[in-house]
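Here the structure comes first, spelled out in structure tokens, and everything after it is commentary.
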Protein chains: 2
Amino acid sequence: MSGNSTVASHLPRGFQAAGVAAGIKKTGAPDLALIVSERDCVAAATFTTNVVQAAPVVRGKSQLASPRATIRAVVINSGCANACTGTAGLADAEETARLVAEALVRQHPSDNAWRITAEQVFTMSTGVIGVPLPMDKLRAGIPAAAQQLSPQGLNEVARAIMTTDTRPKIASIDRGAWRIAGIAKGAGMIHPNMATLLSCILTDAAVEPALLREFLHQAVAVSFNRIVIDGDTSTNDTVLLLANGAGGIAIETPGQRNTFQQALNDVCVNLAQQVVRDGEGVTKFITLRITGAHDEHMADQVGRSIARSPLVKTAFYGEDANWGRVIAAAGYSGAAVDPNKMTLWFGPVKTFEAGEPTDYDEADASAAMKSDEIEVRLDLGLGEAETVLWTCDLSHEYVTINGKYRT
Amino acid sequence: MSGNSTVASHLPRGFQAAGVAAGIKKTGAPDLALIVSERDCVAAATFTTNVVQAAPVVRGKSQLASPRATIRAVVINSGCANACTGTAGLADAEETARLVAEALVRQHPSDNAWRITAEQVFTMSTGVIGVPLPMDKLRAGIPAAAQQLSPQGLNEVARAIMTTDTRPKIASIDRGAWRIAGIAKGAGMIHPNMATLLSCILTDAAVEPALLREFLHQAVAVSFNRIVIDGDTSTNDTVLLLANGAGGIAIETPGQRNTFQQALNDVCVNLAQQVVRDGEGVTKFITLRITGAHDEHMADQVGRSIARSPLVKTAFYGEDANWGRVIAAAGYSGAAVDPNKMTLWFGPVKTFEAGEPTDYDEADASAAMKSDEIEVRLDLGLGEAETVLWTCDLSHEYVTINGKYRT
């Protein structure tokens, strides 16, 4: 698999993409991305569980509510979330979709295959909450993006959807008969719960709608839903999976299904880990493994409590092996844990066992904390269930970024 | 009421106190506090809800399980939490209590009134988790503290229990017939839930045990349980209320009860607010008022979600009126809120109403954020229930303090 930004700018067959600077961001950085498919795509998506939902989320949910819905284009803007913008925000999302459909029709005036409707255009937005979409910028930017569409445009799309991300996030797998390519953006407001952040994953395999939804559901569960940056669940989180069948291969047999599911999982895990590694102000990538739980829910409850704890996160930032904070966060997680049955490791160093500190060497624990990538394992000693979460530290830079985000 | 540290060092009648530097803290700052009562005290306490509980919490709970338990002395050390220390930690807490009883007997060799037992000594600890109590320091420090006991010692006690607190926290009320004086310490790991942090409140009124517990329960609910610093619930949180009756007045009639409850509430609210104002790295004191909820639970759920949000807290630190983050945090709180019914004010500035931004002036919102004390009100537009929480921002200094706490 290709999992970084310098490779893999080739889209799966039948897709084209472009990213431009439309002037939505004050900085002049790219802020408008367009992805189109030459054929109708089957689509599946997961959305934020926040009850406050941005206009594009409200629109996208209703759009994909019909099992026969097909998608031809995705338009994503950064710099403005179009959230908490009321009915005007919904109208703006609708107009954005219409502008895309019009631009594509204008681009292919004599080709009936490009007579697409606004209903076939999926919209996504990310950025500041509570500010209207600057429609004048979109009216100019969308035709400009349409003119630059190219089968090599994936990297430009990944760049145009960045907010506080420091680098584009792309992952792809090429199995010959079919390809999967995905992009994602973070980098704050990340606490996925059934859905997360913005990600768009494309494949040229042919997949039935119900199966595509099942593939996405399973892949998100083991990837985007396992990452925690700051515990804030966004109003805009959306993961979209499009399958256009342009490779000519249908995913049907159990063997094909397994292979495709695994490839999709790999792409999503790769993207999710990229989001954490590039999280706001992140200096440490932490793999948090909770084992020995009664059930998966308990493992998850304990893991999320630890991953969200500001005291745990700042200790990692300070490279301080303050393992007591991990035990304390497990203790207030709400799960029926027992400190006398817990065992805790920082990297290879066992620090706590059976209710008491071990006689570990502080120098070993400190050495484990110096690494950029740290595995923390907490065994609850209660059962067989386990989970893994990927999380990060909380740094001065996170505070700097989020103290002045709008200015 | 007296609510700052320079006044009110007078204890209620019949109490004496002292604080000394026993060498538990590497800095040489005071770290051992002793409070004694000349008479048996009726006692009530609330403890942390964390299932990982420090040795002194385990001991204190069992001690006060008997409704006829009486307390004569409280010993509090800072610099070491005696948490995650197993059976050795319990033995250390027990020995600490015995050392206090022995020191007091030695101090009053011919006075039978001072033949107290370890069972009458309440212990509290705060500091680093997972480190054994340095008993050699306590063996020397406790007799030293006993020698310095004085009716003016409250300020020394408040100083000796500080960890990352920058100032001692004292509040007192003198009604003539009876007095209430309390001390508290913060300043991180604060997310009270039934109980919080360390606080010791003394009165010379006479109160029946069941009534004393009821008084404390009500007072904690409107004070310590309404503050949020970082969302981490400690392993050591304890609020202890002692009544020794030395003022000669029993609290019995409904009128007396109301007056006493109100005075106790005032002392606890004052202490709780002092803890927030002196929270780790705090630059803003935020009064968060949630109104229009279906019930108090909903108001509380929404308020805590906002108060814990790192994105909300960093925006306050940056003086950025990023109200969308408040709406988003309400949205992911788990409560069945409706953004179209919400109204949000930052100070006097209404920023959001009926699902959309108002036409407020950004300069007015910015001005409201400049103040050291900010009131945020979110009306949910659903019912009549409301709550108030006191919380704070998340600053660079919080990260600095907690990144290197043990070193």
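Order of the sequence lines fixes the chain letters, A, B, ..., with proteins taken first and strands second; residue numbering starts at 1 for each chain.
Summarising the geometry of B:V52 relative to A:G331, their closest heavy-atom pair is CG2-CA, 3.6 Å, with the distance given to 0.1 Å. In terms of heavy atoms, B:G130 sits closest to A:P357 at O-CG, 3.2 Å.
Chain A forms the most heavy-atom pairs under 4.5 Å with one residue out of B:A354, B:G318, B:A330, B:A336, and that residue is B:G318. Comparing B:D338, B:N340, B:I327 by how many heavy-atom pairs each has under 4.5 Å with chain A, the most go to B:I327.
Put simply, the side chain of B:N50 gets close to the backbone of A:A328: a donor and an acceptor are under 3.5 Å apart.
Atom CG of residue B:L311 and atom CD of residue A:E280 lie 7.0 Å apart, to the nearest 0.5 angstrom. In this structure, the separation between CG on B:D237 and OH on A:Y332 is 11.5 Å, given to the nearest 0.5 Å. Taken from SG in B:C84 to CD in A:E353, the straight-line distance is 13.5 Å, to the nearest 0.5 Å. In this structure, CG on A:D320 lies 9.5 Å from CG on B:N402, to the nearest 0.5 angstrom. The structure places CG of B:L394 at 7.5 Å from OH of A:Y398, a figure rounded to the nearest 0.5 Å.
The side-chain heavy atoms of B:T400 and A:Y317, taken from C-beta on, include no pair separated by under 4.5 Å. A heavy-atom distance below 4.5 Å is not found between the side chains of B:V399 and A:K313.
Looking at A:S395, only its backbone comes within 4.5 Å of chain B, counting heavy atoms on both sides.
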